[in-house]
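Values below: every heavy atom of this structure, side chains too, minus hydrogens, waters and symmetry copies. In what follows, every chain begins at residue 1, and chains take the letters A, B, ... in the order their sequences are listed.
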Amino acid sequence: MARLEYQQADKTAIRLPVRATSALPAATQFAFSLAGLPISSWGFAVRLWIAVTISLLTSFWLQLEAPSSAALTVLILAEPTRGQALAKAGWRLIATVIGTAASIAIVGFLNQSGDLILAAFAAWLGLCVYAAGLLDGYRAYAAVLSGYTVGLIAVQQIDSPQHVFESGMSRGAAIAVGVLSITLVNNLLLAPDRYPRLMVQLAAMHRRIREYAKAVIRDEVTDATATASLMREIVAFHPEIASLATESSSGSLRGAAARSTTVALVAELRAIRALAALPVAADPVFRERLASVLDRSDDEPPSISAVGHAIDSAKNLTDATAAPLVWALSELLRTDEEVRQNLAALKSGMRPLRAWRAPLYQSNRIAVGNGIRASAQFAIASALFVLAGWPATSVPLFVVALVSALGAATPNPRGFTTIALIASPIAVALEGVFEFLILDGVSDFPLLAIGLAPFVVGAGLLISGPSPGLASLGRISLIFFMVIFSPSNPQTYDPQAFLFSSLFVCVGIGLLLAAQFLVPPVSHDLRRRWLIASARHELGLVLSRSDRRYAPEEAMFRDAVRVGQIVAAAGADLQHRISIEEALSYFDQAAAIRLSNAKLTQLADGPTDSPLASLAAEARTALVDRDAQRIHAIARSLREAASGDEYLAIEASAALLLAGAVIEAAPPQAANAPTEKGS
Amino acid sequence: MTHTFRELVAGGVLLAPFVTYALAALVIVQIIRPVLRFIRFADMFSHASIAELSVYVTILGLLILCI
């Protein structure tokens, strides 16, 4: 017998297939290209330019007071797919309403003092960044948007608080025009859907997990960080899946199918890890027979009997070893089949057989830390502006709030500010050329639209390009370009205003970066420690009332989100590796306990005075205490007490043996976590 | 007879009648979405997004004409 120990697992990493990143096969992806760029990128860039033009034209025609907000909205909603742009637009509208209400409240209470308004704004920004820390995707974006909308409305009207309401209404109208412009353009000019590409990515992930399962069965040792990275990649689909609902009438079903696929993928990964914790025969032929169970095409049904035949052929397996092995393999096949069915539902736009929720884990502690820091950083930057006593500082204050808030929704706020600092002089130079060399005093709208084309299309090509750094640079440059240009009807072409705005934008971002160095963000090390502490604490509460909110598979997904966050708190040092192993061990133990408990609950549904019911109650206590010896003993008693046809008791016994093995395999630092009695 | 449009009054703020119609059409489209899904509306068209936008515009137009 050989044993797939945790300690063995990190000797060498297996070579997993490369992640597929596109819906199209590599051969056809760049088949149609123009100037070396795919036609889809050109399509996106041209759509963006048309949407900006329509939003400006409509705003001028409606004589809105803030046409630049409409164009800015289009640039902020520049997403490559239709559903993503629509989802972001919906959240932008909601956040604008919240932000406007907050602006009116802040100015209403503190209209006697501009300094107090700035202080209240800093606190509000911190609160919004805290809320963003508890959310993900476009919800987090909406939270930070509520924050900087106050900068746009209240701070810009800091000297004339009586106009806050009108300003809010005009911004709201401009934002609605921007949202409608981009929605119309995306619909009429056939912006692509997200789900075909997501389907290919999820199918590629499924193949990688199958390869990983075979590697585990064949005892080709695997790296714990590779497993955790797989988890991170699976949970990273979560924010994108939320935008599927807005894509079409079948979008909500496709969203449910995609969500259930990710939950089932995590469950499959869990089944593989449980298998790795079991002692299996060293015979390579036997291992190969087990691995071959997964070698099936997507049209073939899973064969549990093939598992049985493979196990029967292994003569040196005892009954106590075979039962959990069969159970773990059948769990692996069941989850593999569930992933396959969910992918089929995603493809056909049907409701999945079982729709799982995908709850998100977000650390309250980290969110509070980020909120306080964002608040302090903005307060420092704005205090310097106030002390300097410069005129026209409302634009840089808005830009500081914008960069601070948007950066808080990214994993690396300081990196985001650095990119913004690089982008600001680029935007200033481009805007100067555009306003004073290209347009140079013209007042015709067609000339404005034609003049904007190379800037917007160029930035659009960068945004849709393969490099994330260049995409951020393109997006931020274009936003700053529009903030500084601030189109109006008629355009003022005031060089002094341009110089002030340009200088203050660059200085403002520089000050923010300085403030971010002065008040550094929560360090990776601290973040990792907090996350591990939370995992340990929640393992102590497993099976308690608060833990029963979710089905075992859903709770597994939530735990996987936390493992993904621990991986994201990057570092190649030994401590990082130990943290990942510890986090994975908590994940395995919690999942095994919850799944065993689910089986015991089914078993205990029978008569309460039966011996099986009392054994189930004992087993539950042993699970909460994480006492592997007692769990094994109760599993054996359960197997003996069950008559031949009581398959539930046999399954529960096998699940308990597996849970016992997982708890035994826990590394020493994860084995002595505190336990608390379930309620 | 001339068709009259009533403004929406929210807390003393007057909103254009078009806003009411646009929101009402959005609500109706959301309500009929399960029906569209059931009859597999999106599969009937090569460009489902344009078809669904057309449904919205049709409902909006009907609302403005009839109410």
Side-chain angles (χ1 to χ4, degrees), chain A residues 43 47 58 62-64 81-86 89-90 93-94 97 100-101 104 164-170 172-173 175-177 179-196 244-257 345 347-351, chain B:
Chain A
R47 276 198 305 273
T58 317
L62 292 173
Q63 299 184 354
L64 297 182
T81 64
R82 210 159 46 84
Q84 283 174 304
L86 259 178
L93 282 174
I94 294 169
V97 172
T100 308
I104 294 168
V164 163
F165 185 77
E166 288 94 331
S167 172
M169 290 300 280
S170 65
I175 286 168
V177 166
V179 166
L180 289 177
S181 305
I182 191 130
T183 306
L184 194 73
V185 169
N186 277 343
N187 272 297
L188 292 180
L189 298 183
L190 308 174
D193 282 337
R194 179 74 184 88
Y195 87 88
L244 289 187
T246 48
E247 256 177 14
S248 68
S249 52
S250 56
S252 53
L253 295 186
R254 285 207 163 94
K347 191 176 180 183
S348 58
M350 307 287 280
R351 189 178 296 281
Chain B
M1 199 175 86
T2 314
H3 189 81
T4 53
F5 298 101
R6 266 190 289 175
E7 283 168 326
L8 178 70
V9 185
V13 180
L14 302 179
L15 293 171
F18 183 76
V19 175
T20 322
Y21 289 119
L23 289 178
L26 195 65
V27 171
I28 293 172
V29 165
Q30 290 299 320
I31 291 170
I32 64 167
R33 257 188 142 191
V35 180
L36 295 181
R37 203 159 52 215
F38 180 73
I39 61 170
R40 305 197 69 77
F41 179 79
D43 298 347
M44 296 176 197
F45 300 91
S46 61
H47 296 105
S49 60
I50 297 183
E52 289 183 357
L53 179 69
S54 306
V55 169
Y56 175 77
V57 173
T58 309
I59 292 172
L60 180 63
L62 283 174
L63 279 179
I64 293 174
L65 279 177
C66 302
I67 299 176

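Heavy-atom distances place the side chain of B:L53, and not its backbone, under 4.5 Å from chain A. When heavy atoms are compared at a cutoff of 4.5 Å, B:L26 does not approach chain A at all.
Scanning all heavy atoms of the two residues, the minimum distance from A:S250 to B:R37 falls at CA-CD, 3.6 Å. The minimum heavy-atom distance between A:M350 and B:R40, with the atom names listed, is SD-NH1, 3.6 Å. Heavy atoms only, all atoms of each residue included: B:L15 and A:M169 are closest at CD2-CE, 4.1 Å.
In this structure, A:Q63 places its CD atom where only 12 or fewer heavy-atom neighbours from other residues, nucleotides or ligands lie under 6.0 Å away. Remark: B:R33 CZ is packed, more than 12 non-hydrogen atoms of other residues, nucleotides or ligands lying under 6.0 Å away.
With rounding to the nearest 0.5 angstrom, the OH atom of B:Y56 is 11.5 Å from the CG atom of A:N187. Here the straight-line distance linking atom CG of A:N186 with atom OG of B:S49 works out to 9.0 Å at 0.5 Å rounding.
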